[in-house]
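See below for the structure under consideration.
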Amino acid sequence: MIDGLLPDLEVVRKDFPILTRTTPAGLPLVYLDSANTSQKPQVVIDAMVDHLERHNANVARAMHLLGAEATEAFEGGRDRVASFLGAPSREEVVFTKNASEALNLLANTFAWAGEHQLGPGDVVVTTEMEHHSNIVPWQLVTERTGAELRWFGLTDDGQLDLTNIDELLTEHTKVVTLTWVSNMLGTINPVAEITRRAHEVGAVVVLDASQAAPQLPIDLAAMPEAERPDALVFTGHKTVGPTGIGVLWGSRALLESLPPFLGGGEMIETVTMERSTYAGIPHKFEAGTPPIVEAVGLGAALEYLDGIGMEAIQRHEQAITGYALEGLATVPGLKVLGPTDAHARGGAVSFEIDGVHPHDVAQVLDSRGVAVRAGHHCAKPAHARFGVQSSSRMSSYLYTTPADIDALVEALNYTRSYFTLG
Amino acid sequence: MIDGLLPDLEVVRKDFPILTRTTPAGLPLVYLDSANTSQKPQVVIDAMVDHLERHNANVARAMHLLGAEATEAFEGGRDRVASFLGAPSREEVVFTKNASEALNLLANTFAWAGEHQLGPGDVVVTTEMEHHSNIVPWQLVTERTGAELRWFGLTDDGQLDLTNIDELLTEHTKVVTLTWVSNMLGTINPVAEITRRAHEVGAVVVLDASQAAPQLPIDLAAMPEAERPDALVFTGHKTVGPTGIGVLWGSRALLESLPPFLGGGEMIETVTMERSTYAGIPHKFEAGTPPIVEAVGLGAALEYLDGIGMEAIQRHEQAITGYALEGLATVPGLKVLGPTDAHARGGAVSFEIDGVHPHDVAQVLDSRGVAVRAGHHCAKPAHARFGVQSSSRMSSYLYTTPADIDALVEALNYTRSYFTLG
Amino acid sequence: MSAELDALYQEIILDHYKNPHHQGLRDPFEAEVHHVNPTCGDEVTLRVHLTDGPDGPVVDDVSYDALGCSISQAATSVMTDLVIGKSVAEAMDVHAEFLTLMQGKGTVEPDEEVLEDGIAFAGVAKFPARVKCALLGWMAWKDATTQTLTNGDDQ
Amino acid sequence: MSAELDALYQEIILDHYKNPHHQGLRDPFEAEVHHVNPTCGDEVTLRVHLTDGPDGPVVDDVSYDALGCSISQAATSVMTDLVIGKSVAEAMDVHAEFLTLMQGKGTVEPDEEVLEDGIAFAGVAKFPARVKCALLGWMAWKDATTQTLTNGDDQ
Ligand SMILES: Cc1ncc(COP(=O)(O)O)c(C=O)c1O
Ligand SMILES: Cc1ncc(COP(=O)(O)O)c(C=O)c1O
């Protein structure tokens with residue numbers, strides 16, 4: 001028995017109906033693509049069904065029975081997110097459609113008139129290991145405002161290269177945005193340290209917690225203020241919740257100082273044809289009918305994760321990742337990209353196999369029921385940094401077993417023998 | 001028997017599980033708030049459950065079995081939307097989070113460098129009967145670009161006042177955006193005529209079909225080109241689909257000429273730290289993980305509506321609306337806002353009752369199990385135009401019966417007797 | 001169901017609705033605010049006039065012009081009865097007590113000594129959509145009072 | 001499952017993958033294009049050299065530099081075999097035939113007369129995620145050829 005695994009792993013697996021699926025060839029499903037999207041436990045599906053079958057209505061605007069029930073369920077989702085993040089206030093939790101929209105919301109509101117408006121001479125700092133969703137929005141906003149985009153490079157072992165931090169973080173630096181956990185390299189970044197340094201020069205700090213939220217306990221209120229980011233985003237579908245919902249947490253000070261992003265129903269205080277005023281946070285940033293059934297699903301998802309315990313999930317991920325790193329090391333010609341110490345990384349492990357293209361790896365694995373991702377994982381710059389165009393990636397989650405890893409390793413050996421090297 | 005009702009109305013009602021709900025006092029639910037959000041048939045819920053329990057994966061990026069299934073299901077939703085609208089091409093169908101985002105997407109992309117960029121001297125034209133979601137985005141973009149926002153006023157009987165159309169539509173007019181069917185007044189606007197006139201001056205025409213799509217057959221390809229809008233939006237949750245998804249249809253010419261809106265995964269062609277290039281339409285406008293299970297649900301929803309037939313649904317709506325207008329006319333002191341000819345209007349009927357505030361009307365109705373909306377219905381300017389601050393609104397849909405209307409009328413009489421006039 | 005409704009629409013509430021106290025905008029005043037309930041559109045324009053008392057500022061007058069439902073109108077009327085003539089500190093205590101009642105989802109027992117006619121709103125706490133209606137006038141009063149005191153400090 | 005895989009990875013495909021034909025970038029050429037498969041990152045840089053023939057332009061050479069999986073590499077190699085030496089009109093017909101095969105979800109019977117080694121890709125049509133791989137080189141060729149012809153018209 002591997003140390004740190006969830007004690008009730010078989011019970012946990014029973015919560016996820018999809019894990020009983022088989023391939024057309026009758027093989028069991030080995031799902032190792034959770035960093036891409038996670039599977040959903042029955043309670044999440046049931047919560048959504050119950051909402052749609054019994055409580056569906058629009059929220060806030062409706063005063064009738066169903067409207068009150070739907071509003072309570074929707075705002076209950078917000079409460080759950082707030083407690084999941086340890087948010088200082090529930091009003092700091094804004095629902096978006098995914099993590100990408102949350103990052104774009106920030107980038108866009110930095111473009112328009114206001115305290116934080118970017119302009120020529122201003123610098124936005126990101127890193128070379130970001131997901132495209134934390135690069136492209138900042139390319140667009142810096143291009144459109146005349147500000148400059150700069151970035152932390154990477155060391156050969158897949159860490160942020162902080163040697164030029166004093167050049168990057170200066171009084172011109174208005175925003176520092178980085179991922180907590182890399183979706184390609186698995187690296188866990190020293191976000192407290194970087195946040196502190198960024199705050200010293202007066203920059204706003206944005207954390208992309210899309211990969212961190214599923215794996216690490218987060219407690220914003222417990223962070224020393226200097227090390228607490230000003231904004232943090234994650235996405236519902238990676239935390240066993242549904243698609244169609246993401247979260248932007250922002251400090252009250254930041255959110256109140258930003259201009260509105262999308263305009264429309266729900267985000268207004270009053271509207272005349274000539275001029276409108278806006279609602280307070282979080283509604284100011286939630287134009288239109290929000291993702292209601294999705295908030296219900298996300299609430300149930302985070303309740304499920306909290307029920308198991310984020311510490312326990314983190315230990316499980318580390319244990320499985322350690323076991324996977326050992327297994328992968330036995331495959332000849334396989335090279336892992338990123339840190340190889342399971343305790344210093346997240347559960348996404350990207351690798352190359354000499355002479356077999358990642359597509360072909362994924363294809364052969366899939367024929368054995370093993371689902372991994374192949375490609376650039378929306379992190380082209382990080383791939384380019386390591387001189388590769390694409391890679392294969394396995395990623396585990398709370399339902400992953402050592403047997404899943406064994407199946408992966410066996411299938412990788414089969415791939416080698418089948419494909420080029422057989 | 002009222003002419004035009006759906007012949008299988010009782011069978012249709014059985015498709016909607018929520019309609020069997022009762023209030024805490026044991027009264028049956030009379031749901032007359034469908035213009036706010038529609039209820040969901042079992043097939044939609046089942047399609048979502050089946051997806052989550054058996055086919056859940058991320059799309060496009062994943063090459064494995066579940067990834068292929070999820071991608072097919074998601075893109076199948078797009079095909080269904082394309083056929084529902086009679087879209088000339090499926091690639092012109094962009095998924096957004098709701099109708100509001102679709103309108104904001106357009107307004108925002110008109111702000112940035114490109115063929116359609118707005119600036120001082122340019123005019124955007126909207127109307128006084130728009131939902132806030134088709135006013136505020138254009139206030140924001142005109143304010144931010146220095147363009148000017150102008151609008152069609154309303155006549156006393158709730159129609160667009162087109163007398164000054166030649167002043168509003170000039171060579172300075174770059175965008176004309178209006179609702180097809182008003183969510184407050186129920187008015188059906190002469191959109192073909194206005195589109196033709198707007199095209200004559202070279203303006204881009206945007207139609208808000210949020211209330212039209214649930215009620216009217218739409219066939220874009222069949223429209224004469226001069227009368228076909230350049231963009232049309234609607235929202236999933238009002239067409240018996242889930243929340244968390246909306247649709248922007250745009251002509252290929254328009255969509256290809258607009259710069260990207262949100263940046264991130266899925267919308268790129270290639271990314272380097274210095275510069276990115278973007279995918280073709282529709283992906284260019286779909287940053288991040290899209291609303292996958294929502295597209296599956298929306299596909300099932302539109303298939304359901306098409307199965308019943310949009311012509312039949314339209315006839316049903318007209319029949320019920322006609323019956324409702326007759327019933328409302330029997331309530332002393334009740335005044336309907338907007339057109340009173342059921343054939344020339346949609347199914348949302350807003351009204352006032354002398355001496356009883358709409359909140360209080362809705363509250364008393366709710367105590368009798370009758371769900372209506374009270375407030376400004378996200379149409380403050382239209383309310384202001386008629387000198388009222390808020391109103392009550394009943395709105396029907398394909399599952400609404402004459403008995404629902406009878407219950408409403410009875411409850412309205414009770415309201416009068418209970419509240420102030422008893 | 002009539003019982004349910006009657007719990008909400010207490011006689012006292014309907015009386016204040018039909019005959020609101022202290023209605024209309026009056027001089028003198030130190031601050032005027034305009035508050036809106038974004039969901040439904042209910043509005044109130046409200047003025048506060050404070051004078052100096054032995055134990056700090058006193059609420060000398062609250063005048064208002066309001067558009068809204070029975071609950072918001074009646075709550076504003078009751079509020080003026082409760083705060084006019086009290087010291088700001090006392091009035092803020094009453095406000096806190098009323099807030100607690102409204103946010104209690106029907107579980108808080110109102111204190112008639114403190115809230116007087118305000119106890120009629122106990123039933124409103126069970127209707128989450130209406131709680132905002134009952135608080136609109138109070139929020140406006142608190143805002144106007146705070147503005148007055150802050151401006152005073154600045155001078 | 002090996003049968004399923006073997007249907008995809010035909011010997012012919014693996015041969016072309018290991019020994020791609022016409023690889024490398026060569027002069028002369030009239031157009032060079034760079035195409036990317038956005039989902040996976042596969043890339044091809046491709047040049048086309050056309051000459052005049054009795055029945056219109058002829059594909060004299062196609063040269064390329066490609067990074068990608070076995071399917072995309074092999075398909076590009078087969079494509080060059082199929083188009084080089086043909087008139088553009090003929091080559092476009094072959095392209096259309098290949099496209100039909102790829103989009104047929106496995107239901108189209110390939111014509112060996114026309115597609116030669118290309119028939120080995122019949123199995124790919126059953127793997128929607130890989131169809132784009134098989135088409136990458138073809139799309140680049142079509143783009144470069146169209147550019148050449150259009151530029152020619154302009155002159
Ligand atoms: C006419 C109209 N436009 C736009 C919207 C906005 O739709 P959503 O809230 O789904 O974005 C609505 C509905 O609320 C509407 O009725
Ligand atoms: C680190 C990181 N950031 C952002 C995202 C974007 O999330 P979404 O696609 O849900 O917007 C992802 C996942 O795709 C991710 O891994």
Could you work out, with ring pair (Phe, Tyr, Trp, His ring centres under 6.0 Å) as the rule, every residue matching B:Phe285, not counting sequence neighbours?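 For B:Phe285, no residue satisfies ring pair (Phe, Tyr, Trp, His ring centres under 6.0 Å) once neighbours in sequence are set aside.
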Under 4.5 Å from any heavy atom of chain B, what part of [X] do you find: side chain, backbone, both or neither?
{"X": "A:Leu149", "result": "side chain"}
{"X": "A:Leu29", "result": "side chain"}
{"X": "A:Asp46", "result": "neither"}

Which word best sums up how the rings of B:Phe261 and A:Phe261 line up, parallel for under 30°, tilted for 30 to 60°, or perpendicular for over 60°?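 Geometry flag for A:Phe261 against B:Phe261: parallel rings.
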Can you tell me how the ring of A:Trp112 sits relative to the ring of B:Trp112, calling it parallel under 30°, perpendicular over 60° and tilted otherwise?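 Parallel: the ring planes of A:Trp112 and B:Trp112 meet at under 30°.
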Less than 4.5 Å to any heavy atom of chain A: does that hold for the side chain of [X], its backbone, both, or neither?
{"X": "B:Leu103", "value": "neither"}
{"X": "B:Arg150", "value": "neither"}
{"X": "B:Glu286", "value": "neither"}
{"X": "B:Asn56", "value": "both"}
{"X": "B:Ile268", "value": "side chain"}
{"X": "B:Ala371", "value": "both"}
{"X": "B:Ala111", "value": "side chain"}
{"X": "B:Arg21", "value": "side chain"}
{"X": "B:Ser38", "value": "backbone"}
{"X": "B:Thr127", "value": "backbone"}
{"X": "B:His377", "value": "neither"}
{"X": "B:Pro290", "value": "backbone"}

Counting heavy-atom pairs closer than 4.5 Å to chain A, which one of B:Met48, B:Glu128, B:Glu101 comes out on top?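 Greatest number of close heavy-atom pairs with chain A: B:Glu101.
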Interface residue of largest heavy-atom contact number with chain A, from B:Gln363, B:His376, B:Glu69, under 4.5 Å: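 Looking at each of B:Gln363, B:His376, B:Glu69 in turn, B:Glu69 comes out on top.
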Could you measure the distance from the [atom1] atom of [X] to the [atom2] atom of [Y]? Nearest 0.5 Å is fine.
{"X": "A:Glu294", "Y": "B:Glu294", "atom1": "CD", "atom2": "CD", "result": "4.0 Å"}
{"X": "A:Leu66", "Y": "B:Thr23", "atom1": "CG", "atom2": "OG1", "result": "10.0 Å"}
{"X": "A:Leu65", "Y": "B:Thr22", "atom1": "CG", "atom2": "OG1", "result": "9.0 Å"}
{"X": "B:Lys40", "Y": "A:Leu52", "atom1": "NZ", "atom2": "CG", "result": "7.5 Å"}
{"X": "A:Leu262", "Y": "B:Asn104", "atom1": "CG", "atom2": "CG", "result": "4.5 Å"}

Show which side-chain atoms of residues 132-141 of chain A pair as donor or acceptor with protein atoms under 3.5 Å away, not counting sequence neighbours.
| from | atom 1 | to | atom 2 | distance (Å) |
| --- | --- | --- | --- | --- |
| A:His132 | NE2 | A:Lys380 | N | 2.9 |
| A:Ser133 | OG | A:Ser100 | OG | 2.7 |
| A:Ser133 | OG | A:His131 | ND1 | 3.2 |
| A:Ser133 | OG | B:Gly265 | N | 3.0 |
| A:Asn134 | OD1 | A:Trp138 | NE1 | 2.8 |
| A:Asn134 | OD1 | A:Thr177 | OG1 | 2.9 |
| A:Asn134 | ND2 | A:Glu130 | OE1 | 2.8 |
| A:Asn134 | ND2 | A:Thr177 | OG1 | 3.0 |
| A:Gln139 | OE1 | B:Ser276 | OG | 2.6 |
| A:Gln139 | NE2 | B:Thr272 | O | 2.8 |
| A:Gln139 | NE2 | B:Met273 | O | 3.0 |

Sub-3.5 Å donor-acceptor pair from the side chain of A:Asn58 to the main-chain atoms of B:Asn36, do we have one?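 Pair found, side chain donor or acceptor close to backbone of B:Asn36.
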